[in-house]
Amino acid sequence: MIDVMDILTDLNPKQREAVEAISGPVLVVAGPGSGKTKTLTHRIAHLVQKGVDPTNILALTFTNKAADEIKLRVSRLLTHSGRPWLGTFHSVCARILRSTARYIGHTPDFTIYDEDDSLDLVKSVMRKLSIEQKQWSPAKIRAIISSAKNELQNPEDYEIAATDHFSKLVSKVYALYQKQLTDQNALDFDDILTKTIQLFEQNPRILEHYQTQFKYVLVDEFQDTNAVQYKIANLLAQKHGNLYCIGDLDQSIYSFRGADYRNILYFEKDWPTAKVITLEQNYRSTQNILDVAHAIISQNSNRKEKRLWTENGKGEDIVVKEVETERDEGDFIVSELERLVREKHLRLCDFVVLYRTNAQSRAIEESFLRNGFPYKIIGGIRFFQRKEVKDLLSWLKICLNPNDALALERASAMPARFLQQKLGSKIETVMLLTNDFSQKSKTLKLPEFLEYVIEHTGFEQYVRDGTEKGDERWDNVRGLLSVSLKYESEEPEVALRSLLQEAALAQETDTIAYEKDLTNLMTLHSVKGLEFPVVFIAGCEQGLLPHSRALFGANFDDIEEERRLCYVGVTRAKQKLYLLFARQRTIFGKIQSNPPSQFLQNLPEHLITFIPAEEETIIELD
DNA sequence: CAGACGACTATTTTT
DNA sequence: TAGTCGTCTG
């Protein structure tokens, strides 16, 4: 156990204030690199040091990555005693709902539908209602249903509010969609949150139970909460009033999926006695980088003024580089990288290349390939989202929840010729197989059970069609098998449940290879929370950053979010920052020419080195 | 029912 | 340009 003083002496005065203000509501505005996670973890440790039982502490995050990081750091600070409740909003709510499922009309083995499942269900509902999918995009309808849920509108509420033709149509889909979910004993991601609220509102004693338990509630990345999540945190903290929220409005970049940074403003209204602490000392970047970041973000009107400072010194100029084409952009990045590795003895993993859209990675990759520099693309399709993985998992889902019609449909959709190796007609085959699997799932260890399912569904022949992609698919299936190994020692049913829960809620993200000697390439969104000595931001052009959608819509908020995105990118840099723009670029097979990003316009000139495109650049005709 | 072909579309992404 | 989706064809 670490000494109380150690936990506090390691902090600057503001951080220490945030850690020590343990009673009452606290809002911490934490700029990039200001020790947000440190403050949160030290606060938890401090509470325990003060004698608070860890089970009375609830810490909520948005991503599993953040939850894992906090878990790890808290466990380093506290070598004894129980663990706090610590996890994503979804995992904590799912945990609560598993033990209270009957109050919301489900059984504890409810299935969690991810976004793809949810879309499949919307499509199936639309087919049932004979709604033309060409005319009305299922994805759009799904998104509308999702936002309705996030405004706590149930199908009846939505129907009442629906006036125009389209809304009425959506209302029909929503009603049947929700009914199907209930019938199938399934919850979508939004339900996990909204059903928790429903549970609390309809069962005051259950709410009271959790309110009593959670004497201290902490919320990480508060700017990313949506209305429902904020309400959950608020409800849970109501009894003791010890609600601690930490975040940064300037780094809110997920409003497109429901995050509402205004929660930070509502917080002060809901908790008028809240202590507000701003962390402005930055431990990551040079002052030049912070000044440029400030020049960008201060153009936003929706923000609270704060000014980051550092003891790291001014550092180097920020490089603004003009290039002719996206090919030159990639080549410039690689040549700078090569030069810095040679001159400054940096490693390839000290660099990161950032871009607004995934499509931009292509040209940059090609430069890396041409010059023989290793790289890794972060992002893309997640493991549990892959078709072959979902296909295989659907067989497992049926074992736990035979009402899961989506899983049943998915499993049945596997070409009969693979299944028929063993048994009779298709529908019988699926039935017979699932019956058999259900039995086996109770007795076989999880990895053995998976092997069994793979063998009896002809899964290898199914995914492995002799192509390279087929081998890749097979690798993913083997990957699932290795995931299952960590549940090997558990009871078969518990293990199965855990695996499916992980598949639904713990979407494994690519890990950044800090230790490997290669350069990471990723979107501006993916880089949030990370830091690198040298940062390249490619494509600083009107239409790309800010993205044309935000530009075209002329929506004020959208442009401000793009600016925050740019700010997030800039503040990842520890020592050196490059902002690049191309005079022309091929987008969707057409050559476009866009002016430099408006975000480059107000940068303090004395901090910038501008390098124009080389005039003799030969534009290749092709 | 598997594969081919043309039409269509095209931020960002976590749970 | 490139990936997805629905329809058509053998």
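Quick caveat: nothing in here was measured; it's all calculated off a predicted structure. Every chain is numbered from 1, with letters handed out A, B, ... down the list of sequences. Just so you know, these numbers use all the heavy atoms, side chains as well, and skip hydrogens, waters and symmetry mates.
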* Asked: With sugar-phosphate meaning primed atoms plus P, OP1 and OP2, does A/Glu115 contact a base, only sugar-phosphate, or nothing at under 4.0 Å between heavy atoms?
  -> base

* Figure out the CZ/P separation between A/Phe384 and B/dT13, and round it to whole Å. => 19 Å

* Asked: Roughly, in whole Å, what's the span from CG in A/Asp224 to P in B/dT12?
  -> 18 Å

* **Residues A/Arg370 and A/Ser367: side-chain donor-acceptor under 3.5 angstrom** => yes

* To do: Taking the six-membered ring of A/Tyr567 (Phe, Tyr or Trp), confirm whether the NZ or CZ of A/Arg303 is under 6.0 Å from its centre and within 45° of its axis.
  => no

* To the nearest Å, how far apart are A/Leu565 CG and B/dT13 P? -> 10 Å

* Structure fact -> Here the pair of heavy atoms bringing A/Leu40 nearest to A/Ile70 is CD2-CD1, 3.2 Å

* **Whole-Å gap separating C1' (B/dT15) and CG (A/Asp117)** => 13 Å

* Does B/dT12 sit syn or anti, given that only angles within 90° of 0 count as syn? -> anti

* Structure fact -> Once base and sugar-phosphate atoms are separated, protein heavy atoms under 4.0 Å mark nucleotides 3-11 of chain B, 5' to 3', with B, S and - as -------BB

* To do: Whole angstrom is fine here: how far is it from CD1 in A/Ile559 over to C1' in B/dT12?
  => 14 Å

* Pair A/Thr61-A/Glu221, side-chain donor/acceptor within less than 3.5 Å -> no

* Distance only, no hydrogens: is a donor on one side chain within 3.5 Å (strictly under) of an acceptor on the other, for A/Ser118 and A/Asp188? -> no

* Which is the 5'-most and which the 3'-most nucleotide of DNA chain C that has an atom under 4.0 Å from a heavy atom of chain A? -> C/dT1 to C/dA2

* Using the C1' atom on both, measure B/dT12 against C/dC5 and round to a whole Å. => 23 Å

* Send over the distance from A/Asp116 CG to B/dT13 P, rounded to a whole Å. => 14 Å

* To do: Look at the side chain of A/Thr325 and the backbone N and O of A/Asp328, then say whether any donor-acceptor pair between them is shorter than 3.5 Å.
  => yes

* Structure fact -> A/Leu60 atom CG is separated from B/dT14 atom C1', nearest whole Å, by 15 Å

* To do: Verify, without hydrogens or angle tests, whether A/Ser146 (side chain) and A/Arg142 (backbone) share a donor-acceptor contact under 3.5 angstrom.
  => no

* At under 4.0 Å between heavy atoms, what does A/Phe89 touch on the DNA or RNA strands: base, sugar-phosphate, or nothing? -> nothing

* Residue pair A/Asp404 / A/Tyr113, side-chain donor-acceptor N/O under 3.5 Å -> yes

* Side-chain donor-acceptor pair present, A/Gln178, A/Gln180, cut-off under 3.5 Å -> no

* Structure fact -> Between CD1 of A/Ile253 and P of B/dT14 the distance, given in whole Å, is 10 Å

